[in-house]
Number of protein chains: 2
Amino acid sequence: MPELMPHWLTKQAELSPNKTAIELPDGTEVSFLELKRRSQLFAEKLFSIGIRKGAKVGIFSANHVDMVIALHGLSYLGAVAVMLNIRLTDKEVHYQIRDADVSVILTQNKQSSFHVPTYTFNDIEALEGQPAELINEIDLDAIFTIIYTSGTTGFPKGVMHTYGNHWWSAVSSMLNLGLNQHDKWLVTLPIFHVGGLSILLKSVIYGMPVYLMEKYDKQQVHQAIMSSGVTIVSVVTLMVRELIDQLGENSYPESFRCMLLGGGPAPKALLEKAKEKNVPIYQTYGMTETSSQIVTLSPGDALERIGSSGKPLFPAQLKIDAEKGSIGEILVKGPMVTQGYYNKVEATDKALTNGWLSTGDLGYTDGEGFLYVVDRRKDLIISGGENIYPTEIESVLSGMEGIREAGVTGREDIKWGQVPVAFVVLDDETLTPEKILQYAAENLASYKLPKEIHFIDQLPRNASNKLVRNRLTSLLS
Amino acid sequence: MPELMPHWLTKQAELSPNKTAIELPDGTEVSFLELKRRSQLFAEKLFSIGIRKGAKVGIFSANHVDMVIALHGLSYLGAVAVMLNIRLTDKEVHYQIRDADVSVILTQNKQSSFHVPTYTFNDIEALEGQPAELINEIDLDAIFTIIYTSGTTGFPKGVMHTYGNHWWSAVSSMLNLGLNQHDKWLVTLPIFHVGGLSILLKSVIYGMPVYLMEKYDKQQVHQAIMSSGVTIVSVVTLMVRELIDQLGENSYPESFRCMLLGGGPAPKALLEKAKEKNVPIYQTYGMTETSSQIVTLSPGDALERIGSSGKPLFPAQLKIDAEKGSIGEILVKGPMVTQGYYNKVEATDKALTNGWLSTGDLGYTDGEGFLYVVDRRKDLIISGGENIYPTEIESVLSGMEGIREAGVTGREDIKWGQVPVAFVVLDDETLTPEKILQYAAENLASYKLPKEIHFIDQLPRNASNKLVRNRLTSLLS
């Protein structure tokens with residue numbers, strides 16, 4: 001197999017020089033040619049401060065054009081971009097910087113707390129460039145990015161992505177969702193997570209504009225879908241709920257063809273509501289280790305398979321570590337799967353066996369091969385020998401009129417080992433724990449009923465708006 | 001880079017079991033699931049006659065569902081399909097059979113003239129299958145097909161295509177043309193040529209139906225475009241001319257989005273006429289060695305760059321062996337380029353240098369990187385030290401009212417070395433050589449004027465309807 005191909009951005013600037021690569025809410029547009037020129041200039045400036053092939057360079061920024069330019073700039077030098085999550089604590093970031101051997105950090109705003117040389121994008125822009133031999137051909141086996149997994153147990157691990165991982169991810173998604181000349185993908189997920197990053201790389205590979213938002217804002221996203229020609233948006237569950245509220249009695253334009261929903265199982269009631277409103281939701285399953293999607297519903301199945309994440313993308317494979325039809329750990333394989341964690345041989349060996357990634361997620365497939373993800377294995381509640389899946393309870397609770405959302409976790413119990421406990425965000429303040437339990441009892445076996453109902457203003461979520469259940473657990477202590 | 005991926009047909013049968021894979025003019029449809037089942041059964045029957053991994057099996061057939069099944073059946077055994085051109089003479093076919101070490105031949109109709117065991121598709125169908133270990137994962141580096149180049153000089157050579165070559169060809173085309181849920185690609189080119197074959201492989205990779213015709217028939221093709229939901233068709237120049245005549249004052253449906261025109265330079269007058277009629281012609285450049293397209297116009301450029309073949313597809317590269325802007329040999333590189341000719345180390349080394357294929361074609365690129373193919377290098381006429389490109393003269397002649405088509409070749413000349421000679425097919429029988437020369441003189445420099453004009457009923461064409469200029473030359477002797 002070939003390992004070299006033309007540098008993606010250079011190539012796209014040749015194919016579609018005047019096409020828009022990035023569009024911003026303020027109306028600014030950056031063409032592929034301009035993006036290339038600015039990224040190459042940025043690379044020469046990075047070269048002047050000593051960045052060379054293989055260097056690990058941290059990017060610490062909210063979504064911004066300058067961040068995109070920094071990313072492509074690093075690729076022109078063959079340097080590795082370590083995408084740092086700006087919502088982490090200093091201590092957490094310091095850990096990642098040390099662990100990834102980061103030698104320089106690029107930031108949007110002045111930061112003094114890092115212990116390695118730190119430059120703002122503007123600092124770099126202000127430098128004299130130095131002629132550098134920029135990369136013309138990408139080696140698909142070379143590492144392009146490192147992103148740390150949220151790592152709720154133990155220390156976080158740096159997932160390495162090769163150019164090939166990102167390439168196959170983009171191509172595999174296209175084989176499923178198709179691609180048309182007028183596609184425009186909205187980036188509201190953070191670029192420091194793989195969900196956001198992968199859209200930027202699809203942009204240069206497909207020759208497709210992205211509509212780039214600094215951060216998620218429900219009204220801005222709604223507006224962009226309604227009137228900016230956005231055809232695809234990647235979202236997490238929380239956003240779906242808010243966007244559907246925002247939509248009210250209106251409909252999205254027909255050209256809006258895909259709301260790609262990742263970040264974990266979604267409540268069925270929400271998906272049903274989306275279907276009623278003709279919102280083209282495609283559930284997908286993926287993680288940092290799979291360079292974003294690896295299992296996704298297809299256009300033909302999206303409305304018929306509510307609750308399923310679909311089938312493994314064309315070059316990918318899936319198996320469940322259990323008897324046929326039963327729930328077990330999800331294993332996946334494919335060219336978008338990471339080759340491992342940076343400097344963590346043991347963790348890599350544990351996660352990967354002959355190319356098969358143990359995801360730590362639980363799920364099952366139906367008779368036709370559709371995947372249903374039920375929960376993170378570590379979130380499983382075992383109560384008196386019975387398996388209880390928090391997601392199932394959350395799905396029931398959030399389907400109740402007056403409940404906005406719910407999070408469920410396990411609490412230790414002398415008699416049962418563990419029991420489920422629910423945290424609920426109310427829309428209707430008159431709801432009582434009794435009424436909620438009564439509703440739950442109509443929909444859940446008795447051993448699955450939450451033993452406590454706590455009201456809470458909002459659920460703890462991470463930078464990609466995913467529910468963090470271990471933060472619920474810590475609320476209990 | 002990964003070398004294994006799920007078997008394409010098995011995977012597509014999992015993803016889209018009930019979707020149509022093949023549609024025939026008589027209304028028959030074969031789903032991906034059925035195609036898989038029949039191909040796997042066929043493989044088990046082939047196994048029972050001793051076909052094993054790596055065996056070279058000749059396929060000698062017009063386009064037919066059985067031929068498609070045979071092809072996929074061979075891939076389930078890891079055998080190599082040697083695609084034989086049914087329009088060749090016995091002697092030519094015998095040469096290819098021997099040269100490719102073909103051990104068994106599969107044919108549509110009884111053939112007794114081959115010197116190796118020969119079975120019709122029906123013969124195989126009638127066998128008892130034998131349980132065989134069928135291939136689940138495709139090795140992208142393995143050879144899938146061998147197709148002989150028409151080879152007008154010297155002996156023909158067997159171009160080897162790996163699964164990877166075909167894969168990258170399909171993906172590269174999709175990155176350029178896009179892909180939508182309703183695409184249906186019409187196969188009227190012979191499957192024993194790479195132009196037809198590549199569409200069948202796109203079908204299983206994209207999950208896209210093909211509309212399969214036994215052979216080109218202008219009325220049938222016209223009807224299929226007008227009323228069978230065909231969105232893309234691959235054609236050669238001759239077909240464009242006939243289809244536009246057939247179209248008359250009508251228009252194609254809006255869903256028909258691409259007439260992909262390969263097989264050599266097309267007369268500008270014809271392309272202009274197509275543009276007038278809103279026929280969405282995309283010129284493309286490719287050859288057996290590049291597994292079909294390697295340079296193609298894009299949707300955005302198709303109508304604006306008449307006469308150009310476009311830019312190299314995303315993973316491909318192009319250079320011209322000449323000063324910038326001048327005419328020289330076209331060299332191409334990319335993952336769809338063959339790794340060489342079967343058992344022909346010397347010819348392979350001559351054709352390929354560090355991954356760059358010397359195409360033997362002449363062309364130039366404009367300031368924006370668009371390729372213009374001018375001619376086959378071997379067809380170049382050198383007259384008194386001046387380069388004369390037959391295609392240019394043909395393009396002028398066929399633009400004249402009353403001329404259907406024209407072929408030009410060189411004849412030896414004591415004074416000039418070579419001089420151009422024209423063969424003309426008339427629509428208007430009253431045209432005389434004098435009138436034609438008068439018209440030509442208004443459009444061509446005098447040294448390019450044909451020294452002879454011959455009238456002829458039809459031009460000599462090969463099985464893919466390409467003009468064969470050396471057969472014109474032999475008409476002169």
Side-chain angles (χ1 to χ4, degrees), chain A residues 1-6 8 11-19 136-141 162-165 167-168 170-172 174-183 204-208 257 298-301 310-318 333-337 339 355 368-370, chain B residues 1-6 8 11-19 136-141 162-165 167-168 170-172 174-183 204-208 257 298-301 310-318 333-337 339 355 368-370:
Chain A
M1 284 300 297
E3 277 148 20
L4 297 178
M5 70 167 70
W8 300 337
K11 178 72 181 190
Q12 201 54 259
E14 281 166 18
L15 289 176
S16 324
N18 303 318
K19 196 165 175 183
N136 279 321
E137 282 188 322
I138 281 175
D139 177 354
L140 291 183
D141 282 339
T162 61
Y163 285 91
N165 289 148
W167 168 264
W168 285 87
V171 165
S172 303
M174 177 172 58
L175 281 167
N176 180 50
L177 295 180
L179 175 67
N180 77 57
Q181 232 185 309
H182 305 294
D183 273 332
V204 291
I205 293 171
Y206 299 173
M208 170 188 73
R257 68 187 186 90
S298 71
D301 298 319
K311 296 179 179 175
L313 297 177
F314 197 89
Q317 298 177 64
L318 165 75
K333 178 179 170 179
M336 65 290 276
V337 173
Q339 283 159 33
E368 293 168 70
F370 288 92
Chain B
M1 284 299 298
E3 277 149 20
L4 298 177
M5 71 167 69
W8 300 336
K11 178 72 183 190
Q12 201 54 260
E14 282 165 16
L15 289 176
S16 325
N18 304 317
K19 195 166 177 183
N136 278 322
E137 282 188 322
I138 281 175
D139 178 353
L140 292 183
D141 282 339
T162 61
Y163 286 91
N165 289 148
W167 168 265
W168 285 88
V171 165
S172 303
M174 176 173 57
L175 281 168
N176 180 50
L177 295 181
L179 175 67
N180 77 57
Q181 233 185 309
H182 305 293
D183 274 332
V204 292
I205 293 171
Y206 300 172
M208 171 189 73
R257 67 186 186 90
S298 72
D301 298 319
K311 296 178 179 176
L313 297 176
F314 196 87
Q317 299 176 65
L318 165 75
K333 178 178 170 178
M336 65 290 275
V337 173
Q339 284 160 33
E368 293 167 70
F370 288 92

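Only heavy atoms go into these numbers, but all of them, side chains included; no hydrogens, no water, no symmetry mates.
Per-residue counts of heavy-atom pairs under 4.5 Å with chain B were compared for A:A316, A:P17, A:G310; the largest is that of A:A316. Of all the listed residues (A:E137, A:Q12, A:K19), the one sharing the greatest number of non-hydrogen pairs under 4.5 Å with chain B is A:E137. For chain A, the option among B:G178, B:P6, B:P315 with the highest count of heavy-atom pairs below 4.5 Å is B:P6.
Contact of B:K333 with chain A is made through the side chain alone, with heavy-atom distances under 4.5 Å. Both the backbone and the side chain of B:P312 come within less than 4.5 Å of a heavy atom of chain A. Contact annotation for B:E14: only backbone heavy atoms (N, CA, C, O) come within less than 4.5 Å of a heavy atom of chain A. In this structure, chain A has heavy atoms under 4.5 Å from both the backbone and the side chain of B:I205. Heavy atoms closer than 4.5 Å to chain A are found nowhere in B:V337, neither backbone nor side chain.
Atom CE in B:M174 sits 8.0 Å away from atom CG in A:L179 (nearest 0.5 Å). Between A:M208 atom CE and B:L175 atom CG the span is 11.5 Å, to the nearest 0.5 Å. Remark: B:Y206 OH to A:F314 CZ distance equals 11.0 Å, nearest 0.5 Å.
Take B:E368 and apply the side-chain hydrogen bond (donor to acceptor under 3.5 Å, both in side chains) test, not counting sequence neighbours, and it matches B:R305. Qualifying side-chain hydrogen bond (donor to acceptor under 3.5 Å, both in side chains) partners for A:D301, counting only residues two or more places apart in sequence or in other chains: A:S298.
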